[in-house]
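Throughout, a chain's letter reflects where its sequence line sits, starting with A, and its residues are numbered from 1.
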Number of protein chains: 2
Amino acid sequence: MKTPKKERQRLLISLLDEDPFLTDEDIAAHFSVSVQTVRLDRLECRIPELRERLKSVASQHMQKTVKSLQAEEIFGEIIDVELDDKALSIFDVTSDHVFMRNGIARGHHLFAQANSLAVAVLDDDLALTVRSTLHFAKPVRAGDRVIARAVVRQETLKNKSTVVDVISKVENETVFSGEFLMYRTTKKGR
Amino acid sequence: MKTPKKERQRLLISLLDEDPFLTDEDIAAHFSVSVQTVRLDRLECRIPELRERLKSVASQHMQKTVKSLQAEEIFGEIIDVELDDKALSIFDVTSDHVFMRNGIARGHHLFAQANSLAVAVLDDDLALTVRSTLHFAKPVRAGDRVIARAVVRQETLKNKSTVVDVISKVENETVFSGEFLMYRTTKKGR
DNA sequence: CTTCAGATTAGCACTTGGTCATAACACTTA
DNA sequence: TAAGTGTTATGACCAAGTGCTAATCTGAAG
């Protein structure tokens, strides 16, 4: 008896966690026990067979793929746009967006929300950020809902540039503001 | 004959793309043909059987999971840091980072790389971006390797602020530059 | 109309990676 | 010695296939 049963089952769990692709035969070889023993172990630990394991891993993947296509978690969800005038977006901060050490949201998420919004409000084939100035006024934390408002400055500039001002608030308190100088190809038409 | 063979095979591909969990029997029912016909179609289109499909979906998932844990694709990889002095990071731009419409990288990725680097070079328990000014000098495209250099300005400021300058280049040409005013709690020691 | 090719369907043996039940050991412990 | 736990073996069966051969259907061309 190499490893006692209890220990072996503990190892079994972490083994399959790392590599769910192993057949019972593989596992049996790994622990130098019979295939039947592995089956019994799986039964006790309620670990499903190879195919079922792969099924669940695959379905997780499917769910994740759909989620990342929406990409809301990165940019914030744009909820209202009046082209060349103003726009609004919501971004829910989760633990994925914050520094572990202090629980404060990483700046680039706020920037991403604001910048995406500035691009969206212009809706040009080629709207690019040329220059911008940012103020991170107040730390944002997981659980906060950040509402960003973009306003297009109506002054006409030489060359093809436009300025978009974005202000982001949490519970009506400004946490971030930015001025985005955007380059565009098309004149503002409508 | 409901749908001609060619058409059916086209549909088969997109059907399994949406839902790889269908057995031949399911598919046969969906197209009202025999199971054998489905097998022949799969053979011609080189579509593997259910179990193999799930295997590959699952392994994709595994790869993605590992990848996202590294998170290099978001921040760029920090390759050299001299604390409170300077730091360097590399960020490989892929098709995931660009606008579909024009193939140009979204600004917030460049910002994220620079901002993360500015935080890393200070390595403070609480280093936060307070203010920053950015210049997007030249569009960046998929395939470009962006190298960002952060330099800490050695002037001492009142209160606990420090300025970090970041310049990002692609093939030795500046594509982005930013000035980051960072707030910190600890004095620069050493 | 016949004939012929391509598409479809069917049947059977075999494969993988299992489940389930049942039985036979081995080893310790009361 | 008997009981109990852990391990191994055996055989029947299942799902979802592959591979191969053979039969049938169908539409168009000669």
Side-chain angles (χ1 to χ4, degrees), chain A residues 1-70, chain B residues 1-70:
Chain A
M1 193 184 304
K2 300 238 162 177
T3 35
K5 179 172 163 177
K6 200 110 190 267
E7 172 75 357
R8 191 185 52 218
Q9 297 190 342
R10 248 185 6 82
L11 290 173
L12 176 63
I13 291 173
S14 58
L15 182 66
L16 288 182
D17 204 52
E18 261 182 53
D19 185 357
F21 292 80
L22 300 171
T23 66
D24 286 356
E25 206 162 1
D26 295 339
I27 301 167
H30 181 268
F31 289 120
S32 332
V33 297
S34 71
V35 175
Q36 287 75 1
T37 303
V38 174
R39 310 245 221 251
L40 287 175
D41 282 351
R42 278 202 2 258
L43 202 76
E44 285 185 49
C45 299
R46 307 233 177 88
I47 299 172
E49 60 164 294
L50 171 64
R51 285 130 169 180
E52 294 306 313
R53 290 196 303 267
L54 294 189
K55 240 184 238 177
S56 78
V57 172
S59 77
Q60 273 175 43
H61 179 68
M62 288 288 122
Q63 286 167 25
K64 266 228 167 134
T65 303
V66 170
K67 215 176 163 192
S68 80
L69 281 176
Q70 296 172 342
Chain B
M1 190 186 304
K2 300 240 161 172
T3 35
K5 178 172 163 178
K6 200 105 189 265
E7 172 75 356
R8 191 186 52 217
Q9 298 191 343
R10 246 183 8 81
L11 290 174
L12 176 64
I13 292 173
S14 57
L15 181 68
L16 288 182
D17 205 51
E18 261 182 54
D19 184 359
F21 292 80
L22 300 170
T23 66
D24 286 356
E25 206 162 1
D26 294 339
I27 301 166
H30 182 268
F31 289 120
S32 333
V33 297
S34 72
V35 175
Q36 286 77 359
T37 303
V38 173
R39 310 244 222 251
L40 287 176
D41 282 352
R42 281 205 355 262
L43 203 77
E44 284 184 48
C45 299
R46 310 235 176 86
I47 299 172
E49 60 164 298
L50 171 64
R51 285 129 170 183
E52 293 305 313
R53 289 197 304 268
L54 295 189
K55 238 183 240 178
S56 78
V57 172
S59 77
Q60 273 175 43
H61 178 68
M62 288 288 122
Q63 286 168 26
K64 266 226 167 136
T65 304
V66 171
K67 217 177 164 187
S68 79
L69 281 175
Q70 296 173 342

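Between B:Ile13 atom CD1 and B:Cys45 atom SG the span is 4.5 Å, to the nearest 0.5 Å. Between atom CG of residue B:Leu43 and atom CD of residue B:Gln36 there is a gap of 13.0 Å, rounded to the nearest 0.5 Å.
Across every non-hydrogen atom of B:Ala58 and A:Val57, the tightest pair is CB-CG1, 3.7 Å. Residues B:Val38 and B:Val33 come closest through the heavy atom pair CG2-CG2, 3.9 Å.
Contact annotation: B:Arg8 side-chain N/O to C:dT8 OP1/OP2 distance is under 4.0 Å. In this structure, A:Arg39 does not reach the D:dT8 phosphate: none of its side-chain N or O atoms is under 4.0 Å from OP1 or OP2. Put simply, B:Thr37 has a side-chain N or O that comes within less than 4.0 Å of OP1 or OP2 on C:dT9.
What separates CG of A:Asp24 from P of C:dT19 is a distance of 6 Å, to the nearest Å. Atom CG of A:Leu40 is separated from atom C1' of C:dT22 by 13 Å (rounded to the nearest Å). One interatomic measurement links the two molecules: CG of B:Asp26 to P of D:dG17, which rounds to 9 Å at whole-angstrom precision. One can place CD of A:Glu44 at 15 Å from P of C:dC20, the figure rounded to the nearest angstrom. In this structure, the CD1 atom of B:Ile27 is 12 Å from the C1' atom of D:dG17, given to the nearest Å. As a whole-Å value, the separation of A:Lys5 NZ from D:dG4 C1' is 12 Å. A:Gln9 places its CD atom 9 Å from the P atom of D:dG6, with the value rounded to the nearest Å. Taking atom NZ of residue B:Lys55 and atom P of nucleotide D:dA16, one finds them 15 Å apart after rounding to whole Å.
Side-chain atoms of A:Val33 lie closest to D:dT8 of the nucleotides D:dT8, D:dG19, C:dG17. For B:Glu49, taking side-chain heavy atoms from C-beta onward, the closest of the listed nucleotides C:dT8, D:dA9, D:dT18 is D:dT18.
Of the residues near DNA chain C, A:Glu25 and A:Gln36, the one whose nearest nucleotide (by heavy atom distance) lies more toward the 5' end is A:Glu25. Along DNA chain C, the nucleotide nearest B:Val38 and the nucleotide nearest A:Thr23 are compared for position; the residue whose nucleotide lies closer to the 5' end is B:Val38.
Taking only distance into account, the side chain of A:Arg51 meets the base of C:dG17 through a donor-acceptor pair shorter than 3.5 Å.
Between A:Asp17 and A:Ser14, the side chains place no donor N or O within less than 3.5 Å of an acceptor N or O (distance only, hydrogens not considered).
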